[in-house]
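Heads up: the structure comes next, in structure tokens.
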Amino acid sequence: MKLLSVIVPCYNEEENVHDFYEELMKNSAFFLKKEIEVEVIYIDDGSKDGTAERVKELAARDKRVHLVSFSRNFGKEAAIYAGLQKVKGNYAVLMDCDLQDPPSLLPEMFRYIEEGYDSVATRRVTRKGEPVIRSFFARMFYRLINKISRTEIVDGARDYRLMTRQVVDSILAMSEYNRFTKGIFGWVGYKTKWLEYENIERKKGETKWSFWKLFLYSIDGITAFSTVPLAIASFMGLIFCVCAFLMILFTIVRKLMFGDPTSGWPSLVCIILLCSGVQLFCLGIVGQYLSKTYMEVKKRPIYLVKEEL
Ligand code: UDP
Ligand code: MG
């Protein structure tokens, strides 16, 4: 028998654990007919509510349910990595616990794998139910990162993705600390089929992503998959040097022709402010890359497991 592992990162999802299991198992008959066993790996990402207990209830009555509990909240990216490391079978699929990734899509996704695709990804074509400002910034982010990065990062892509063993191994080979999964999927490549669906609103519980968290996540994404901001910093430095050189020439010529070297105090202040602003900005860009490198060279584990079932 083959094995399909369903990886479900959960952070404070006690209301959704059982619902998700029921919904998923409704679709397992399709796989059983194809002689594929479906197992569920819940990754409890340091939940403070009863998520782990709910999963244990399921595990007590169904051997196909597994639990990995983190020692604290390490973030969804770490949970995805941990889940992929636990995959022993032939196929893996990543799904959110809140049923925003419909399990009813699984049979269709699997058919494409049978057709020869290595990975079947999903993207939502609408952002219904999301605050307008958030959608706007999300769109801006995707437009920006696709301009400055060679890795394709698809707008509206979900982490909901079915993949073969080979793709899982490739993702695991990227053991970086700053994980930006949407970019990692694009980076590893492989023949990918995209399925689209309308956004489904969360039924129970609430989103774990505040605007600020998303903003920091977008910086993670940019620094992980593009070095263009560093080039922009150097380019700005060059432009300012050229400007300064022209100004020096202008001042010398003016002094020689009109003998008026001391005027222009206000413009001097403006120039100093502008230049120091640009310097700090560029230093900040360098700092971002340095901090990511710092975290990377420390080689801290991506997550810590407290309990496994
Ligand atoms: N999640 C997680 N760790 C976190 C934040 C979220 O494991 O630090 C899980 C969460 O439980 C859910 C999935 O990641 O199963 C997606 O989170 P959420 O629904 O809050 O994100 P959204 O759908 O709003 O983008
Ligand atoms: Mg969600």
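For this chain, numbers begin at 1 and follow the sequence in order. Just so it is clear, the values below take in all heavy atoms, side chains as well, and ignore hydrogens, waters and symmetry mates. Bear in mind the structure is a predicted one, so any value in this text is a computation, not a measurement.
Under the 4.5 Å side-chain criterion, counting only non-hydrogen atoms from C-beta, Leu4 is in contact with Leu162. Under the 4.5 Å side-chain criterion, counting only non-hydrogen atoms from C-beta, Ile200 is not in contact with Leu99. You'll find the side chain of Val168 stays beyond 4.5 Å of the side chain of Tyr91, heavy atoms only. In this structure, the side chains of Tyr42 and Arg54 stay at 4.5 Å or more apart for every pair of heavy atoms. At least one side-chain heavy atom of Leu94 sits under 4.5 Å from a side-chain heavy atom of Phe185. Tyr81 places none of its side-chain heavy atoms less than 4.5 Å from the side chain of Thr181. In this structure, Gln85 and Tyr303 have side chains that are in contact, with non-hydrogen atoms separated by less than 4.5 Å. Using a 4.5 Å heavy-atom cutoff, the side chains of Met236 and Phe281 are in contact.
Contacts of Asp101 classified as side-chain hydrogen bond (donor to acceptor under 3.5 Å, both in side chains), with partners at least two apart in sequence or in another chain: Arg158, Tyr197. Residues passing the salt bridge (charged side-chain N to carboxylate O under 4.0 Å, His left out) test with Glu114, sequence neighbours excluded: Lys34.
Looking only at distances, no side-chain donor or acceptor of Thr51 sits under 3.5 Å from a matching main-chain atom of Asp49. Of the possible donor and acceptor atoms, one in the side chain of Glu296 sits under 3.5 Å from a partner among the backbone N and O of Tyr177. Listed for the Tyr112 side chain is no donor-acceptor partner under 3.5 Å among the backbone atoms of Trp194. The closest donor-acceptor contact from the side chain of Arg165 to the backbone of Gly89 lies under 3.5 Å. Here the side chain of Asn146 pairs a donor or acceptor atom with the backbone of Ile153 at under 3.5 angstrom. A donor-acceptor pair is defined here as one N or O able to donate and one able to accept, closer than 3.5 Å; no such pair exists between the side chain of Ser28 and the backbone of Leu24. The backbone N or O of Ile222 sits nowhere less than 3.5 Å from a side-chain atom of Ser226 that would complete a donor-acceptor pair.
Glu57 and Tyr21 share no donor-acceptor pair across their side chains, judged by distance under 3.5 Å alone. Residues Arg202 and Thr207 have side chains that never bring a donor and an acceptor to within less than 3.5 angstrom of each other. Side-chain N/O atoms of Tyr11 and Lys48 include a donor and acceptor closer than 3.5 Å.
The ring-ring contact (aromatic ring centres under 6.0 Å, His included) test with Phe137 is passed by exactly one of Phe211, Tyr217, Trp212, Phe215: Phe211.
Both Leu172 and Phe70 are assigned to one and the same hydrophobic cluster, defined by single-linkage of ILVMFWY side chains at heavy-atom distances under 4.5 Å.
One finds a salt bridge joining Lys86 and Glu308 here, because a Lys/Arg side-chain nitrogen approaches an Asp/Glu carboxylate oxygen to under 4.0 Å. Ion pairing between Lys26 and Glu23 holds under the 4.0 Å rule for side-chain N and carboxylate O. Taking a cutoff of 4.0 Å between a charged side-chain nitrogen and a carboxylate oxygen, Glu307 and Lys56 qualify as a salt bridge. Using a cutoff of 4.0 Å between basic side-chain nitrogens and carboxylate oxygens, Arg143 and Asp155 are not scored as salt-bridged. By the 4.0 Å N-to-carboxylate-O rule, Asp45 lies too far from Lys208 to be salt-bridged with it. With respect to Asp96 and Lys76, a salt bridge is recorded, a charged nitrogen being found less than 4.0 Å from a carboxylate O. Between Lys203 and Asp98 there is no salt bridge, since no side-chain nitrogen of the basic residue lies less than 4.0 Å from a carboxylate oxygen of the acidic one.
Below 30°, between 30° and 60°, or above 60°: for Phe30 and Phe110 the angle between ring planes is above 60°, a perpendicular geometry.
Seen from the ring of Trp187, Arg150 does not count as a face-on cation partner, given the 6.0 Å and 45° thresholds.
Between Ile7 atom CD1 and His66 atom NE2 the span is 11.5 Å, to the nearest 0.5 Å.
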Exercise. Step by step, would you call Ile285 with Tyr289 a side chain to side chain contact (heavy atoms under 4.5 Å, CB included)?
Worked result: CA-CA 7 Å; Ile285 293 180; Tyr289 284 89; 4.0 Å; yes

